[in-house]
K.L.:
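Attaching a single structure in structure tokens format; questions to follow.
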2 protein chains.
Amino acid sequence: MTTIRDVAKLAGVAPITVSRAINNSDYVSIGTRVRVEKAIDELGYIPNELGVSLRSKQTMTLAVVITDITNPFWTTVTRGIEDVAQANNYSTILCNTDESEDKQEQYLQMLLRRRIDGILLVPASNNPAPIKLIKKQNVPVVLMDRQVPDVDVDVVRSDTEEGAYLITTHLLSLGHQEIAMLAGPQSVSTSVDRVNGYRRALRDAGLPKSAENIFLGEFTQETGYTMAELMLVKDSSRITALVAANNFIAIGAMQLLSEKKVRVPEDVAIVTVDDLPPALTITPFFTVATQSALEMGKQATQLLLDRVSGKTDIPCQEIILPVEMIIRASSGEKLSP
Amino acid sequence: MTTIRDVAKLAGVAPITVSRAINNSDYVSIGTRVRVEKAIDELGYIPNELGVSLRSKQTMTLAVVITDITNPFWTTVTRGIEDVAQANNYSTILCNTDESEDKQEQYLQMLLRRRIDGILLVPASNNPAPIKLIKKQNVPVVLMDRQVPDVDVDVVRSDTEEGAYLITTHLLSLGHQEIAMLAGPQSVSTSVDRVNGYRRALRDAGLPKSAENIFLGEFTQETGYTMAELMLVKDSSRITALVAANNFIAIGAMQLLSEKKVRVPEDVAIVTVDDLPPALTITPFFTVATQSALEMGKQATQLLLDRVSGKTDIPCQEIILPVEMIIRASSGEKLSP
DNA sequence: GCATATCATGTTACGCGTACCATAATAGCA
DNA sequence: TGCTATTATGGTACGCGTAACATGATATGC
């Protein structure tokens, strides 16, 4: 592999002169510049960023740590991140934790060793230790989507409690009284928030606490399926609608209902938080509370870049993005009284 | 940021001794080891990989350059890559080119500057120049999914020509005579292969060349929609089935047909290459020729790691993975004669 | 004609971890 | 007892690009 010294030798100049020619960082005569460029071409020289980073103490790289790369929601967030990062000459490293704390820990260690300039993190759990570790190393970090207790840190998230509230209220307004909630893990703040939004909606509708029907699972199609199964067994005669805590849970539940010949929305109405992107759905079907994934990625990255470029004095922020309800077929018509 | 020298000073030893204690690379007495570990803990020392990489001339990083991060097919390939890479202590950098040659060029430059150890590339076009550039830098590269002419390089791909042949033949066996092909860009080998498979099937069925109905677009839902629209305009009365070159095209076509009240499969049957993952579909509907995305990722990574670890003498390989046809509702029943 | 600004290039050293070589103490063995 | 092997630790230099400082040449200003 050729180095800047090889180029310098061939061009008959000092290495620093080559460096200046490449980076336009100082005066270089036209003649020298031409000779240097010729030498670079001839040798196929590509500068070694490792040397640059070691010296400059910055890698121009942001890390993106998400929990599920197969969920279109996260890939869209990633797009937003990439757009803003690229526009600011930063590259991104994408890491997928599969909601595993162990994997997250491993990735964070790796990222800190590589001296990435900042981290966009979707925490796999509500354990503050990993975030404290990052902060101890003075590496800027912005959480996305989920809060974590006991740590002062920037967060960009959606008003997911409100989202769950909106779609639950929508079901109530259609006349449903027995509404199940198929939730995600309770170690994740968004899941807790969505349960809370569901609860608040029931409370505001004057329903007693006993009206709550909450099932706890993961943010996956598999547990969506299982929870729907449990739901049918437990309260087959009564439940007329369900709130899914995310898109995968909704799909899993839908699969089970379809297998059991339970009609949606005639027998059981479904609403969910998180939409599916148009490229993956033939006809949008679910009534959803959508969040702008792209916007989440963009805002989080902008905030992170502010921190990276030294704005460490301003206190930690919590940016809460609005949600929007889109009413579609899955929630059905108004029930006859 | 603390360095190995800080740790050494605190532990009262030489930096190299700390290095040895960390890496277990040489003799270190128990007493010293304990003191070093205490110092590391106290200072929260995390080794700087940049120094290590600069010295060892390897970054333990593989680059993954894919063309569409929102397509589940590629995220699944990425999973396979990550599995194998991780098992071999390699990290991955994921780059998304959006099928753009420019973006690809930019990413490759960045990756080469970072001295990543190898590249898994889904080429955005059939231009051999970028691959030649990589090879000139002696960086191992394995192409995935797509071939590129005029360059000697390892490739792992599916037998996609056969896939298109199988599903087209399936349509023919159901009695269809007028079958359209909604293809991808002709600058991509898989797209060409799929058209060829379609053609071979028609030929083998004894149909004349005039029976071919080929529409060229992109691998996107948008152009799938547009091509289906063109198809209806052009041959509304005759075409009874269509072959989509990938899953997104199939979805786009399906959307158009559904809007135009054209029933699938009763009026027009649809088959496609590339399945959608179960987590994203409520009921699998499309008859497909599937390839194992996970397997593609794994095999490509294994091959790349072989090259990275010095197996450069064996000639370039082309690994062709088998495809499998899964018959579902979208292709419909046998036509009455 | 001399001081100062501008232009052009070079030397040295640094960032951080470790390969290589050197040193020294102890242990094992003939 | 003398000699080699094992254990333990350190010094120096290197990988690669560039910051900081230095030097010299030419141009500008008075």
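Here is how names work: the chains are called A, B, and so on, in the same order as the sequence lines, proteins then strands, and each is numbered from 1. Note that the coordinates shown come from a computational prediction; the quantities given were computed from them, not determined experimentally.
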K.L.:
CE of Met1(B) versus C1' of dC14(C): gap in Å, rounded?
P.N.:
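These atoms are roughly 18 Å apart.
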K.L.:
Which is true for Val13(B) with a 4.0 Å heavy-atom rule: it touches a base, it touches only sugar-phosphate, or it touches nothing?
P.N.:
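The answer is sugar-phosphate, as Val13(B) gets under 4.0 Å only of primed atoms, P, OP1 or OP2.
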K.L.:
Need to verify one output field. Residue with the more 5' nearest nucleotide on DNA chain D, Arg55(B) or Pro15(B)?
P.N.:
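Final value for this comparison: Pro15(B).
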K.L.:
Can you check the Tyr27(A) OH to dT23(D) C1' distance for me, whole Å?
P.N.:
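Rounded to whole Å, this separation is 16 Å.
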K.L.:
Could you verify whether a donor N or O on one side chain and an acceptor N or O on the other, from Gln291(B) and Ser158(B), lie under 3.5 Å apart?
P.N.:
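Present: a donor and an acceptor within the cut-off.
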K.L.:
Would you indicate, yes or no, if dG17(C) has its OP1 or OP2 atom less than 4.0 angstrom from a side-chain nitrogen or oxygen of Ser19(B)?
P.N.:
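No, no such contact exists.
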K.L.:
Expressed as a whole number of angstroms, how long is the span from Ile40(A):CD1 to dG17(D):P?
P.N.:
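From Ile40(A) CD1 to dG17(D) P: 10 Å.
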K.L.:
Within this structure, what is the CZ-CZ distance for the pair Arg113(B) and Arg115(B), rounded to the nearest 0.5 Å?
P.N.:
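Taking CZ in Arg113(B) and CZ in Arg115(B), the distance rounds to 9.5 Å.
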K.L.:
With heavy atoms under 4.0 Å as the rule, sort Thr32(B) into base, sugar-phosphate or nothing.
P.N.:
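Contact class for Thr32(B): sugar-phosphate only.
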K.L.:
In whole angstrom, give the distance that lies between atom NZ of Lys9(A) and atom P of dG10(C).
P.N.:
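These atoms are roughly 14 Å apart.
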K.L.:
Closest-nucleotide mapping onto DNA chain C: is Ile22(B) or Ser29(A) further toward the 5' terminus? I mean the 5' end.
P.N.:
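Final value for this comparison: Ser29(A).
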K.L.:
Base of dG10(C), side chain of Arg20(A) - is there a donor-acceptor contact under 3.5 Å?
P.N.:
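For Arg20(A), whose side chain was compared with the base of dG10(C), there is a donor-acceptor pair (under 3.5 Å).
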K.L.:
Look at atom CD1 of Ile314(B) and say whether more than 12 heavy atoms of other residues, nucleotides or ligands are closer to it than 6.0 Å.
P.N.:
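Yes.
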K.L.:
For dC16(C), take OP1 and OP2 only and decide whether either is under 4.0 Å from a side-chain N or O of Lys57(A).
P.N.:
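Yes, within the criterion.
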K.L.:
Which nucleotide in the set dT18(C), dC16(C), dG11(D) lies at the smallest distance from any side-chain heavy atom of Ala14(B)?
P.N.:
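Between dT18(C), dC16(C), dG11(D), the one nearest the side chain of Ala14(B) would be dG11(D).
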K.L.:
In this structure, which one of Asn48(B), Thr61(B), Thr59(B) forms a side-chain hydrogen bond (donor to acceptor under 3.5 Å, both in side chains) with Arg114(A)?
P.N.:
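It is Thr61(B); the other options fail the test.
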K.L.:
How long is the span from the CG atom in Leu294(A) to the OG1 atom in Thr78(A), to the nearest 0.5 Å?
P.N.:
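Atom-to-atom, Leu294(A):CG and Thr78(A):OG1 are 10.0 Å apart.
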K.L.:
Between P on dT12(D) and CD1 on Ile4(B), what's the gap in Å once rounded to a whole number?
P.N.:
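That distance rounds to 17 Å.
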K.L.:
Using whole Å, what does the distance between atom P of nucleotide dA22(D) and atom CD1 of Ile16(A) come to?
P.N.:
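Going from Ile16(A) (CD1) to dA22(D) (P), I get 15 Å.
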K.L.:
With a non-hydrogen cut-off below 4.0 angstrom, is Leu50(B) in contact with a base, only sugar-phosphate, or nothing?
P.N.:
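Leu50(B): no heavy atom of the nucleic acid under 4.0 Å.
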K.L.:
For the atom pair CG (Leu94(B)) and OG1 (Thr92(A)), what is the distance rounded to the nearest 0.5 Å?
P.N.:
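If we round to the nearest 0.5 Å, Leu94(B):CG and Thr92(A):OG1 are 8.0 Å apart.
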K.L.:
Looking at the side chain of Val28(A), which of dT9(C), dG17(C), dG17(D) is the nearest nucleotide?
P.N.:
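The nucleotide sitting nearest to the side chain is dT9(C).
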K.L.:
Between dG15(D) and Asn48(A), is there an OP1 or OP2 to side-chain N/O distance shorter than 4.0 Å?
P.N.:
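Checking dG15(D) against Asn48(A), no side-chain N or O comes under 4.0 Å of OP1 or OP2.
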K.L.:
Would you please confirm or rule out a distance under 4.0 Å between OP1 or OP2 of dG17(D) and any side-chain N or O of Tyr45(A)?
P.N.:
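The answer is yes; a side-chain N or O of Tyr45(A) sits under 4.0 Å from OP1 or OP2.
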K.L.:
Without decimals, in angstroms, what is the distance between Asn23(A) CG and dG17(D) C1'?
P.N.:
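The answer, rounded to whole Å, is 9 Å.
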K.L.:
Report the residue (Gly12(A) or Arg5(A)) whose heavy-atom-nearest nucleotide on DNA chain C is the more 5′ of the two.
P.N.:
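Whichever sits nearer the 5' end wins; that is Gly12(A).
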K.L.:
Rounding to an integer number of Å, can you tell me how far Leu54(B) CG sits from dA13(D) P?
P.N.:
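In whole Å, dA13(D) P lies 18 Å from Leu54(B) CG.
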